[in-house]
Amino acid sequence: MIPALAAANLLEYGGVVLLVGGVLARRWLTPGHPPRRWPALGLLLLVLGAGLEVGWTLRDLGLLTAPDGLAYVTDTTPGRAALTRVLGGAVLLAAELSAWPALLSVPPAAVLLWGAAGGGHGATHGPGLHTLTALHAGAMSLWLGGVSALLTHPVPTPAQARRFTPVALACVALLTVSGTALTLRHAGTLPTLPASGYGRTLLLKLALLAAALLAAALVRRAFSHSIRIRPALALETALLLGVLAATAALGTTPPPTHGGHP
């Protein structure tokens with residue numbers, strides 16, 4: 001795992017969550033919340049992450065001139081993916097700041113997620129797996145963005161929780177289906193996972209995801225009894241952030257099916 005690239009991945013994933021998840025929350029779950037500075041910060045994280053990723057790669061390749069950078073982001077798959085992420089995020093932010101109709105926010109969000117799916121190991125995917133990766137990123141962004149919005153809302157209500165529940169369940173289902181397909185593509189079957197660094201990191205991610213599901217059950221119970229709502233939401237948010245960090249590490253860890261080593 002390369003720490004600089006893992007950090008770039010984490011910045012970009014955080015940007016996707018703040019933009020996609022934040023915009024959905026503002027438009028539908030907790031209207032007007034989170035504040036507009038959340039998606040604006042999301043774009044900043046995307047730009048910083050893309051800059052770190054592209055800069056580190058160019059330095060590693062010994063390509064240090066401006067024309068080298070321009071050629072990288074226009075002529076290579078990872079470079080175009082980084083550019084796509086930033087452009088999709090910029091248009092999505094513009095749509096939110098300008099209060100475009102909600103449906104007009106969907107295309108730039110899709111462009112952003114498509115670009116996010118093209119980073120790391122996604123650069124080797126065909127259209128089918130690329131689409132699954134984009135859906136995987138979208139599901140995580142909506143789940144974490146929604147939980148974060150509830151956590152930071154001045155007065156989270158049971159009505160908001162009920163509104164979010166079917167979305168969260170759909171996200172979990174989509175994460176399960178897409179995650180299974182991606183696991184089989186990159187790491188093989190479940191019994192073989194402990195044999196590689198990639199597999200062990202993936203197992204950590206799965207454990208954090210399972211814990212987040214248990215925390216979500218605690219959140220539902222807290223809302224139904226109106227007790228300790230914010231601590232339960234904080235626990236679920238923290239576990240999902242752990243999932244995000246593990247995902248960032250996976251993006252720079254060679255999968256065994258790609259010729260990686262334990």
Side-chain angles (χ1 to χ4, degrees), residues 4-56 69 73 79-120 134 136-156 160 163-164 167-168 171 230 233-234 236-238 240-245 247-248 251:
L5 292 182
N9 285 345
L10 187 56
L11 287 172
E12 292 181 329
Y13 294 160
V16 174
V17 169
L18 289 173
L19 278 161
V20 177
V23 166
L24 177 76
R26 282 180 50 82
R27 291 293 183 111
W28 170 74
L29 178 61
T30 51
H33 179 82
R36 290 178 174 178
R37 61 177 176 269
W38 277 39
L41 175 61
L43 180 61
L44 177 61
L45 293 180
L46 276 181
V47 172
L48 290 175
L52 180 59
E53 175 191 339
V54 172
W56 182 272
V73 298
R80 288 193 296 269
L83 182 61
T84 300
R85 289 193 291 274
V86 172
L87 291 178
V91 177
L92 181 57
L93 177 61
E96 184 58 23
L97 296 181
S98 302
W100 292 3
L103 286 178
L104 293 183
S105 296
V106 175
V111 170
L112 169 56
L113 292 172
W114 188 260
H136 195 81
M140 177 55 68
S141 298
L142 295 180
W143 185 6
L144 179 52
V147 173
S148 301
L150 289 173
L151 172 64
T152 57
H153 193 274
V155 187
Q160 292 169 342
R163 192 181 310 137
F164 184 59
V167 174
C171 289
R230 225 173 278 278
L233 284 168
E236 185 178 358
T237 301
L240 288 175
L241 287 173
V243 172
L244 212 64
T247 303

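Fair warning: this is a prediction, and the values are worked out from it, not measured in the lab.
Within the model, atoms OG1 of Thr30 and CG of Leu151 stand 11.5 Å from one another, a figure rounded to the nearest 0.5 Å. Note that OG of Ser141 is 10.0 Å distant from NE2 of His136, once rounded to the nearest 0.5 Å. Atom CG of residue Leu18 and atom CG of residue Leu92 lie 11.5 Å apart, to the nearest 0.5 angstrom. Interatomic distance, Leu41 CG to Leu48 CG, rounded to the nearest 0.5 Å: 9.0 Å. The structure places CG of Leu11 at 9.5 Å from CG of Leu46, a figure rounded to the nearest 0.5 Å. Distance check, rounded to the nearest 0.5 Å: CZ of Arg36 to CG of Leu97 gives 6.0 Å.
Between Gln160 and His33, the closest side-chain pair of non-hydrogen atoms is not below 4.5 Å.
Shown are Val167, Leu150, Leu24; of these, the side-chain contact (heavy atoms from CB on, under 4.5 Å) with Leu29 is made only by Leu150. The side-chain contact (heavy atoms from CB on, under 4.5 Å) with Leu112 is formed by just one residue from the set Leu19, Thr84, Val86, Val91; it is Leu19.
Smallest separation of non-hydrogen atoms from Ala117 and Ala134: CB-N, 3.5 Å. Smallest separation of non-hydrogen atoms from Ala8 and Gly49: CB-O, 3.4 Å. Contact between Pro39 and Val23 at its shortest, heavy atoms only, is CB-CG2, 4.4 Å. Considering every non-hydrogen atom in both Ala81 and Gly119, the closest pair reads CB-N, 4.1 Å. When every heavy atom of His153 is checked against every heavy atom of Arg230, the shortest pair comes out as O-NH1, 3.0 Å. The shortest non-hydrogen separation linking Met140 to Leu240 is SD-CD2, 4.2 Å.
Enclosure of atom CZ in Arg163 by more than 12 non-hydrogen atoms of other residues, nucleotides or ligands within 6.0 angstrom is indicated.
A donor and an acceptor atom, one from each side chain of Trp143 and Glu236, are located under 3.5 Å apart.
With Glu12 contributing its side chain and Ala50 its backbone, the two residues share a donor-acceptor pair below 3.5 Å.
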